[in-house]
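This is a predicted model, so every value here is computed, not measured. Numbering of ligands and ligand atoms starts at 1, following listing order.
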Amino acid sequence: MADTVPLQFSRLSDDEMRSRASEFSDHLRQRRTVRDFSADPIPDGVLDACLLAAGSAPNGANLQPWHFAVVRSPDVKRRIREAAEEEEREFYGGRAPQEWLDTLAHLGTNAEKPFLETAPALIAVFQQSKTTDEQGRESKTYYPKESVGLATGFLIAALHQAGLATLTHTPSPMNFLNEILKRPATEKPFLLLVVGYPAENCRVPDIKKKPLDEIRSVH
Ligand code: IYR
């Protein structure tokens, strides 16, 4: 058992809880996936603060089985775009079953991914199957996919809170990310996050989220 420290936690009034919950909810509900990015740079320090938030996510045995590769180099972004578009051309050109393409059609996506070069930053999120714990011992990780999913959720929320737009991009397979970013085979690409500001006059699909009574039951 690790040493213990006092929990930092402050209880809020009922009213304060309700107003914080609804303000946070309203703010997160404004987030939209953006596919049309401006090239404007991100201020120094913003991404690192968001990554620290991501790294605080709950995870299996506190092994923190994630790695975030931040890409700002135009040359590396270009190589990622070329490799992703190659996969996407196969996906849209035959690999994806027609049923999948039909379900996706309303989003208007295709194999062209110019945002991978336009956006000021890409964050490749990797899931580690092995990691080194605080004592320097190598360990197999537990619940790596769930852990990395939670960390990515924290990251997307933090980036939104910081005033940045994101796109969750998952070219499949994404193994080219290991090669380009020189990550070991024990790390599996989980998601490629495109980060920046929306282009001027950016438009997004007119889609709706399910209402509460469709996503929750009370027991
Ligand atoms: N990875 C492809 C296809 C795609 C799949 C789903 I499911 C989406 O919600 C969006 C896109 C692409 O990025 O175009």
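- In summary, the atoms of ligand 1 found under 4.0 Å from a heavy atom of His169, numbered by their order in the structure, are 13 (O).
- A side-chain N or O of Thr109 and one of Tyr92 form a donor-acceptor pair less than 3.5 Å apart.
- Close approach to Lys113 involves these atoms of ligand 1, each under 4.0 Å from a residue heavy atom: 12 (C), 13 (O), 14 (O).
- Proximity to Tyr92 (heavy-atom distance under 4.0 Å) selects the following atoms of ligand 1: 2 (C), 3 (C), 12 (C), 14 (O).
- For the atom pair CD1 of Ile80 and CZ of Arg78, the computed distance is 11.0 Å after rounding to the nearest 0.5 Å.
- Of the protein's non-hydrogen atoms, Leu104 CD2, 3.3 Å is the one closest to atom 8 (C) of ligand 1.
- Annotation: atom 7 (I) of ligand 1 to nearest protein heavy atom, Trp100 NE1, 3.6 Å.
- When all heavy atoms are compared, the tightest approach of Thr170 to Phe190 is CG2-O, 4.2 Å.
- Using a 4.0 Å cut-off between a side-chain N of Lys or Arg and a carboxylate O of Asp or Glu, Arg95 and Glu90 qualify as a salt bridge.
- Scanning all protein heavy atoms for the shortest distance to atom 1 (N) of ligand 1 gives Glu88 OE2, 3.2 Å.
- A donor atom on one side chain and an acceptor atom on the other are not found under 3.5 Å apart for Ser13 and Arg11.
- Taken from CD in Glu23 to CG in Leu28, the straight-line distance is 12.5 Å, to the nearest 0.5 Å.
- Per-residue contacts place Phe91 under 4.0 angstrom from the following atoms of ligand 1 (heavy atoms of the residue considered): 3 (C).
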